[in-house]
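Order of the sequence lines fixes the chain letters, A, B, ..., with proteins taken first and strands second; residue numbering starts at 1 for each chain. Owing to the predicted nature of the structure, the values given are computational and were not obtained by experimental measurement.
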Amino acid sequence: MTRFEELLEGKLAGELSPDENQEFAALLVLAENRRAFERHQQTVALLTSVERQVPSSSFTEDVLARLPDRKSRPLEKLWEFLWAPRVVRWNVATALALGLVLVVAVLARTLPSQSPVSSEMRSVVTLFRFTLDAPGAQQVFLAGDFNGWRTDEISLADATGRGRFSVTLPLKPGRYAYMFVVDEATWVTDPRAEAYRDDGFGNKNALVDVEAPTVGNGDT
Amino acid sequence: MVVEALRCNSTVSGASKEQGSTGCEVPSHARLESDPVDEQAIIARCLAGEGRAYAVLVERHKVLVHDLVSRMLGDSVEAEDIAQDAFVKAYLSLRDFRGESRFSTWVCRIALNRCKDVLRKRGRAPWARSRREDGPEPAEVADDGETPVDSLERCEREAALHRALARLPVKYREVIVLRHIEGMEFHEIGRVLGIAVGAVKVRAFRAREMLRSLVQSEEAPR
């Protein structure tokens, strides 16, 4: 691409600086350049005069109709059952019975629990350590679907000072996609990930599967 | 909540045009950038299972995506289906959308990939079933004081342009459509196509040169 062509592209985009504008004006002294500029201006004018083709009025509804349900069917049915309006008939005896149930429930809650299952066991997570070797990097962050792909939230520490950045996260069972963000700009796929998935831009997101619902340690 | 958002964003889909710095008209819709934070929130709702939230994103970008596909395929009927496909595919891959670019950039890339698939399968020149190929439908004649002769000339010019676009190689066609019809910035086109900004500019320049001679050959009496 010649300098004139480069400036012409900038001129058409309205991106030239005052100095570049002057340089471009000087190049237009040549009749050949002037003709080229006019040709391109006319082509742009022709293209931008084209009217947009509008989709049908049912376009959005049609797209929504083609989407699969993300909720599972039984859950959805339960949800609809819970929220469906219905007529409830009552009398004093029913109200008294309900009141009695409530009193019993409150009393039962105030008594010491006999259950052998502790709350600790119910909220078991797996501790997962994410590690990236990035010698020379100033800072490394972890972003994934577990934190809405926020790039400024989970910082990795270089404990050894030799460019090995790591962080340990408590994760509930499930499959998570993640990437490292080096020096706020470069997205890096974990080279040691268990699996990968296309991100739609030609790169790959790393995947981690957290399966065992017991306290333990994983290492990427 | 969705209905409210749809109403707020209905102006984004408009096809109005305004004067550019070089005296050429540029599509104003391209400058209406959607709020990325707002988009992330909508995407989070979609991922939580609220499929209706996706309607906001579709409403916001449907004109862009549909028009892009329509120009690439030269078939406004098929464009409807392929553009919808692109939105469905984007929805299914929402988990992998990291928010590095705008949602519109991402869905345009998906749409262009679908177009290339279709063109490959088709294996022949596009424009086969375009409704606009043989001139405008009666309802498309402008009513802003344009005489029937002006209207006919405008339609013939547009038809010649569309035929010329269809003959342009795909790698030039996609740049010219994104840049001059959809009004995207160079860096955004680079992201959509996965090429450097410099390469986008080179292609845009060459594409206009090629398009001009193709339009002239289309307009020449046979």
Side-chain angles (χ1 to χ4, degrees), chain A residues 1 5-6 8-16 36-37 39-56 59-72 75-76 143-145 148-151 175-177 179 181 187 197-205, chain B residues 15 17 20-27 29 40 44 46-47 49 51-52 54-55 58-59 62-63 66-67 70-71 76 79-80 83-84 87-88 90-93 95-101 106 109-110 132 157-158 161 176 180-181 183 186 191 194 198 201-202 204-205 208-209 211-212 215:
Chain A
M1 202 176 198
E5 290 169 355
E6 205 176 306
L8 185 147
E9 208 55 54
K11 182 72 179 174
L12 291 174
E15 291 175 352
L16 291 190
F37 182 42
R39 277 202 313 272
H40 281 265
Q41 270 187 315
Q42 284 165 2
T43 309
V44 171
L46 179 64
L47 284 162
T48 49
S49 69
V50 168
E51 282 178 23
R52 282 193 146 193
Q53 299 198 357
V54 181
S56 69
F59 186 93
T60 304
E61 282 306 316
D62 292 344
V63 170
L64 294 187
R66 289 168 67 173
L67 300 182
D69 273 343
R70 285 197 185 271
K71 289 177 185 173
S72 65
L75 277 177
E76 198 176 351
D145 51 10
W149 292 101
R150 287 199 54 167
T151 57
R175 166 168 273 210
Y176 301 97
M179 290 278 273
V181 185
W187 289 81
R197 188 165 62 199
D198 283 342
D199 67 354
F201 276 108
N203 291 321
K204 288 182 185 303
N205 288 334
Chain B
K17 309 216 173 185
S21 58
T22 57
C24 301
E25 281 185 334
V26 291
H29 49 75
Q40 282 297 328
C46 295
L47 289 173
R52 294 294 306 179
Y54 196 56
V58 177
E59 275 294 307
K62 68 180 181 182
V63 174
H66 177 271
D67 194 62
S70 186
R71 304 287 167 203
S76 50
E80 183 96 359
Q84 287 179 9
F87 277 110
V88 171
Y91 180 83
L92 295 174
S93 309
R95 274 200 171 279
D96 293 318
F97 178 64
R98 298 193 297 263
E100 286 172 80
S101 65
W106 192 55
R109 181 168 172 132
I110 292 170
R132 302 179 74 89
R157 223 170 29 241
E158 272 194 26
L161 173 66
I176 214 136
H180 295 302
I181 297 182
F186 288 122
R191 285 200 70 86
K201 289 182 178 178
V202 171
F205 185 90
R208 282 195 307 272
E209 293 269 313
L211 186 68
R212 183 180 169 80
V215 169

B:Ala79 portion near chain A, given a 4.5 angstrom heavy-atom threshold: neither
B:Asp67 side chain to A:Gln53 backbone, donor-acceptor under 3.5 Å: yes
Sidechain-backbone polar pair: B:Glu80 side chain, A:Ser56 backbone, donor-acceptor under 3.5 Å: yes
Residue part contacting chain B, namely of A:Leu64, when any heavy atom lies under 4.5 Å: side chain
Flag, side chain of A:Trp149 to backbone of B:Asp96, donor-acceptor distance under 3.5 Å: no
Atom group of A:Glu6 that falls short of 4.5 Å from chain B, counting heavy atoms: neither
Interface residue of largest heavy-atom contact number with chain A, from B:Phe186, B:Phe205, B:Tyr54, B:Phe87, under 4.5 Å: B:Phe205
B:Glu209 with A:Arg39: basic N within carboxylate O range, under 4.0 Å: yes
